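All values reported here derive from a predicted model rather than from experimental measurement. Numbering of ligands and ligand atoms starts at 1, following listing order.
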Amino acid sequence: MPEIYDLHCHSTASDGTLSPSAVIERANLQGVTALALTDHDTTAGLTEALRRATDINLKLIPGIELSTLWQNQCFHIIGIGINPNHPPLAEATFNLQQTRLARAEAIAEKLAKKRITGAFEAVKQLAGDGMITRSHFADFLVSQFHVDTHQEAFDRYLAKGKPAYVATPWADLNLAVSWITESGGIAILAHPLRYQLTTKWMKRLLTAFKDAGGQGIEVITGRTNKDEIQRVAALASTFDLAGSCGSDFHCPGQWVELGQLAPLPTHIQPVWDLLN
Ligand code: AMP
Ligand code: MN
Ligand code: MN
Ligand code: MN
């Protein structure tokens, strides 16, 4: 039987709503046989996920989604097949946790200037032991009736250019790729069409990503349509990158479900061929 892969999803270790164990169980029910758990800037969910995956005979591929900067813009880099205990990567996730804490305080201060108080305490509680993300701020703003929906929270307060946006010193993209590859993993550019780059800048980005040691690109994400798949597949061919597929699942009931993914175009080398 061929494996059914989903190489991008989130748990309560970052901004997902299911615990790592619950993500594994849901992936299994959805027919996924090989799953990468890729929480934002943390590997803290992997131990619990591995325990559950071993119990139910699902293949867990250790992963992460690193927030990085290149040319002053934020890009998400997925690492799969990583060793979370490799010192540079472990140190980076520790530092990124501090970065996210400091950013959360700064976002809360900006919200306070808009007469929205108590945000920091609230998001700390919502995130628990996990990484604090803007998703937690969005949930807080909805719960306090400042906005009606999660999306409205971004559109009115949290997105770039909005009053509570805080530019964040994420990891340098080159370094992030090296932390992944030196730990034994494969670096993949996540959701390449979400950055709204022109063709010229996309080519510059992919050239820099390849030079840094990047090996894959997300051809299939939970949100791609046929036309988008073809566009990214063409980039994968041009830049000799392997193709990945991942749902970017965060929460049951949203329209992006675990494992519900279109097949990779057959002429694209799958990233899982590169996993040992
Ligand atoms: P961050 O804390 O900046 O890493 O953001 C965490 C999460 O917020 C992302 O993984 C998305 O799930 C969500 N997000 C980011 N930007 C937007 C946006 N413009 N609209 C809706 N959701 C967003
Ligand atoms: Mn997220
Ligand atoms: Mn992302
Ligand atoms: Mn993601």
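For ligand 1, the polar-atom distance check against His76 finds no nitrogen or oxygen pair separated by under 3.5 Å. Of the N or O atoms in Thr133, none lie within a sub-3.5 Å distance of an N or O in ligand 1. Considering backbone and side-chain N/O atoms, Ser67 never comes within less than 3.5 Å of an N/O atom of ligand 1. Here's the thing with His40: one of its N/O atoms is less than 3.5 angstrom from an N/O atom of ligand 1.
Protein heavy atom in closest approach to atom 3 (O) of ligand 1: Arg134 NE, 2.8 Å. Counting protein heavy atoms only, atom 2 (O) of ligand 1 is closest to Arg103 NH2, 2.4 Å.
Residues Thr33 and Leu58 fail the side-chain proximity criterion, which asks for heavy atoms closer than 4.5 Å. Side-chain contact check for Arg100 versus Trp170: some heavy-atom pair is nearer than 4.5 Å.
Scanning all heavy atoms of the two residues, the minimum distance from Glu257 to Phe249 falls at OE2-CE1, 3.6 Å.
One finds no salt bridge joining Lys162 and Asp155 here, because no Lys/Arg side-chain nitrogen approaches an Asp/Glu carboxylate oxygen to under 4.0 Å. Using a 4.0 Å cut-off between charged side-chain N and carboxylate O, Arg194 and Asp248 make a salt bridge.
The N, O or S atom of Asp248 lying closest to the Mn ion (ligand 4) is OD1. Taking the Mn ion (ligand 2) as reference, the nearest N/O/S atom within His250 carries the name NE2. Taking the Mn ion (ligand 4) as reference, the nearest N/O/S atom within Glu65 carries the name OE1.
Taking backbone and side-chain atoms together, His40 has an N/O/S atom less than 2.8 Å away from the Mn ion (ligand 2). The Mn ion (ligand 4) has His10 among its coordinating residues (N/O/S atom, backbone or side chain, under 2.8 Å). Residue contacts to the Mn ion (ligand 4): His8 brings an N, O or S atom closer than 2.8 Å. For the Mn ion (ligand 2), the set of nearby N, O or S atoms under 2.8 Å includes one belonging to Asp15.
In the model, His76 has a side-chain atom that pairs as donor or acceptor with a side-chain atom of Glu65 under 3.5 Å. In the model, His146 has no side-chain atom that pairs as donor or acceptor with a side-chain atom of Glu152 under 3.5 Å.
Few gaps surround CD on Gln98; more than 12 heavy atoms of other groups in view lie less than 6.0 Å from it. Annotation for Asp227: atom CG counts as buried by contact number, over 12 foreign heavy atoms lying within 6.0 Å. Counted within 6.0 Å of CD on Gln196, heavy atoms from surrounding residues, nucleotides or ligands total 12 or fewer; the atom is thus considered open.
The proximity of Arg100 to ligand 1, defined as any non-hydrogen pair under 4.0 Å, is limited to the side chain. Heavy atoms of Asp15 found under 4.0 angstrom from ligand 1 belong exclusively to the side chain. Neither the backbone nor the side chain of His150 comes within 4.0 Å of ligand 1, counting heavy atoms alone.
Checked against a 6.0 Å centroid threshold, the rings of His136 and Phe140 do not count as neighbours.
Of all the listed residues (Phe154, Trp170, Phe137, Tyr165), Phe154 holds the heavy atom that lies closest to atom 16 (N) of ligand 1.
For ligand 1, the atoms sitting less than 4.0 Å from at least one non-hydrogen atom of Gln151 are 20 (N), 21 (C), numbered in the order shown with element in parentheses.
Put simply, no part of Lys160 is less than 4.0 Å from ligand 1, judged by heavy atoms.
Each of Ile61, Ile78, Ile80 was scored for a side chain to side chain contact (heavy atoms under 4.5 Å, CB included) with Val271, with one residue passing: Ile80.
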